[in-house]
There are 2 protein chains.
Amino acid sequence: MSPLKPDLHAILDLDRIVHEPARLAILTVLAAAESVEFLFLQRITGLSKGNLSSHTQKLEAAGFLETLKAFRGRIPVTSFQITEDGRAALHAYHKQLRALLPKEGQP
Amino acid sequence: MSPLKPDLHAILDLDRIVHEPARLAILTVLAAAESVEFLFLQRITGLSKGNLSSHTQKLEAAGFLETLKAFRGRIPVTSFQITEDGRAALHAYHKQLRALLPKEGQP
DNA sequence: TGAAACAAGTTTGTAATACAAACTAGTTTT
DNA sequence: AAAACTAGTTTGTATTACAAACTTGTTTCA
């Protein structure tokens with residue numbers, strides 16, 4: 001069988017929740033920290049508040065992160081934590097990408 | 001500066017034309033052959049005709065492939081060829097992905 | 001011969017999406 | 001107490017991915 005075919009299906013089967021750049025960026029940050037605050041996330045990603053809010057909601061609906069609402073003094077602070085499922089999904093996504101990326105300098 | 005930030009922008013700057021899985025699959029096939037016929041492409045990707053047609057149109061509009069219409073006997077046959085721009089975009093995309101993928105087995 | 005089935009794509013309609021503007025609810029400043 | 005600020009969410013919109021239905025032509029069959 002052609003060596004191309006499996007790669008093609010790997011491409012078409014990529015997890016779309018993770019594949020979206022904004023969400024991949026969010027998960028990447030969350031994977032590197034215990035927990036991350038909304039405003040910090042907004043600043044380093046450059047996403048608008050509305051857009052960030054909807055992506056985190058989508059990631060939460062997928063079970064890939066948890067939202068923690070707290071107060072600092074009297075100001076509300078929303079933080080996010082990646083879940084085990086989220087970490088697994090991110091690793092699986094990385095693995096899929098590695099599998100379909102040609103080696104550097106390959107035709 | 002945090003080592004995370006550049007990666008984040010690499011993620012958010014991914015070329016959306018190439019990033020879409022269906023189109024990435026198409027470009028991947030085209031990059032491996034002189035030219036590829038519509039129906040062959042449809043069969044190995046599993047995309048519907050309509051979907052394949054609109055993705056190839058989008059890739060053509062981006063200048064990433066060329067559409068060649070011919071006849072085999074009296075039956076029309078549409079073939080596609082990746083352009084230099086398309087190949088460059090695909091390679092750039094691969095490079096960006098490599099840059100942002102953590103090494104295997106890294107936290 | 002002409003009707004029905006088939007081939008190769010394209011156009012059209014639709015549901016889902018990404019995104020930012022506008023809004024909400026509360027707090028601090030003036 | 002009014003104005004300005006903070007932290008997010010909801011709403012509206014333009015784009016998109018996708019498949020169903022259509023178009024144009026060819027072959028088969030009655």
Side-chain angles (χ1 to χ4, degrees), chain A residues 8-9 11-30 35-62 64-81 89 93, chain B residues 8-9 11-30 35-62 64-81 89 93:
Chain A
L8 279 191
H9 281 127
I11 293 174
L12 293 162
D13 288 349
L14 285 168
D15 181 345
R16 305 290 273 240
I17 299 284
V18 181
H19 190 61
E20 162 62 30
R23 288 189 296 264
L24 179 55
I26 293 168
L27 284 180
T28 299
V29 176
L30 292 192
S35 90
V36 176
E37 293 182 11
F38 186 99
L39 289 180
F40 176 78
L41 209 43
Q42 197 205 335
R43 277 212 312 285
I44 61 168
T45 59
L47 297 171
S48 68
K49 293 173 176 211
N51 199 12
L52 177 54
S53 176
S54 62
H55 283 305
T56 56
Q57 283 178 34
K58 196 155 294 194
L59 285 167
E60 181 168 40
F64 291 173
L65 63 74
E66 270 177 344
T67 303
L68 308 161
K69 290 186 178 278
F71 285 84
R72 181 177 0 269
R74 316 174 113 140
I75 304 255
V77 178
T78 299
S79 299
F80 305 103
Q81 250 181 291
Y93 179 77
Chain B
L8 278 192
H9 280 129
I11 293 174
L12 292 163
D13 287 349
L14 283 168
D15 181 345
R16 306 291 273 239
I17 299 283
V18 181
H19 190 61
E20 164 62 31
R23 288 190 295 264
L24 179 56
I26 292 169
L27 284 180
T28 299
V29 176
L30 292 191
S35 91
V36 177
E37 293 181 11
F38 187 99
L39 288 179
F40 176 79
L41 209 44
Q42 197 204 334
R43 278 212 311 287
I44 62 168
T45 59
L47 298 172
S48 69
K49 293 174 175 210
N51 199 12
L52 177 54
S53 177
S54 63
H55 283 304
T56 56
Q57 282 178 36
K58 196 154 296 194
L59 286 167
E60 182 169 40
F64 291 176
L65 63 74
E66 269 176 343
T67 304
L68 308 162
K69 290 188 178 277
F71 285 85
R72 185 184 347 278
R74 316 176 112 138
I75 303 254
V77 178
T78 299
S79 298
F80 304 103
Q81 250 181 291
Y93 179 77

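Below, read A as the first sequence line, B as the second, and so on, with proteins coming before strands; counting in each chain starts at 1.
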Of the listed nucleotides dT27(D), dA20(C), dG9(C), the one nearest the side chain of Arg74(B): dT27(D)

Out of dA20(C), dT10(C), dA7(D), whichever nucleotide has its closest atom nearest the side chain of Ser53(B): dT10(C)

Interatomic distance where CD1 belongs to Ile17(A) and C1' belongs to dA16(C) [whole Å]: 11 Å

N or O in side chain of Lys69(B) less than 4.0 angstrom from dT10(C) OP1/OP2: yes

Which residue lies more 5' along DNA chain D, comparing Gln57(A) with Phe71(B) via nearest heavy atoms: Gln57(A)

Leu59(A) CG to dT17(C) C1', straight-line distance once rounded to whole Å: 14 Å

Phe38(A)/Val77(A) under side-chain contact (heavy atoms from CB on, under 4.5 Å): CA gap, chis, key distance, verdict: CA-CA 7 Å; Phe38(A) 186 99; Val77(A) 178; over 6 Å; no

Atom pair distance, as rounded to whole Å: CG in Leu12(A) and C1' in dC18(D): 13 Å

Nearest-Å distance for atom pair NE2/P, residues His19(A) and dA18(C): 11 Å

Distance test, side-chain N/O of Lys58(B) to OP1/OP2 of dA17(D), below 4.0 Å: yes

Sugar-phosphate, base or nothing in reach of Leu47(A), heavy atoms under 4.0 Å: nothing

N/O (side chain, His55(A)) to phosphate O (OP1/OP2, dC19(C)) under 4.0 Å: yes

Nearest-nucleotide comparison on DNA chain C, the residue closer to the 5′ end among Ile75(B) and Arg23(A): Ile75(B)

Atom-to-atom span, CG of Leu24(B) to P of dT16(D) - whole angstrom: 17 Å

Between C1' of dT12(C) and CG of Asn51(B), the distance in whole Å: 14 Å

From CA spacing to verdict: side-chain contact (heavy atoms from CB on, under 4.5 Å), Thr56(A), Thr67(A): CA-CA 8 Å; Thr56(A) 56; Thr67(A) 303; 5.6 Å; no

Earlier contact from the 5' end, DNA chain C, for Glu20(A) and Thr56(B): Thr56(B)

Check: Phe64(A) and Asp15(A) side chains under 4.5 Å, non-hydrogen atoms: yes

Selection from dG9(C), dA20(C), dA17(D) that lies nearest to any side-chain heavy atom of Ser48(A): dA20(C)

Minimum-distance pair of heavy atoms, taken over all atoms of Ala22(A) and Leu12(B): CA-CD2, 3.7 Å

Main-chain N/O of Leu24(A) paired with His55(A) side-chain donor or acceptor, under 3.5 Å: no

Touch class at under 4.0 angstrom, heavy-atom based, for Leu52(A) against every strand present: nothing

Integer-rounded Å distance: dA25(C) C1' and Lys49(A) NZ: 13 Å

Nearest-angstrom distance from the residue atom CZ of Phe38(B) to C1' of dA8(C): 8 Å

Sugar-phosphate, base or nothing in reach of Arg16(B), heavy atoms under 4.0 Å: sugar-phosphate

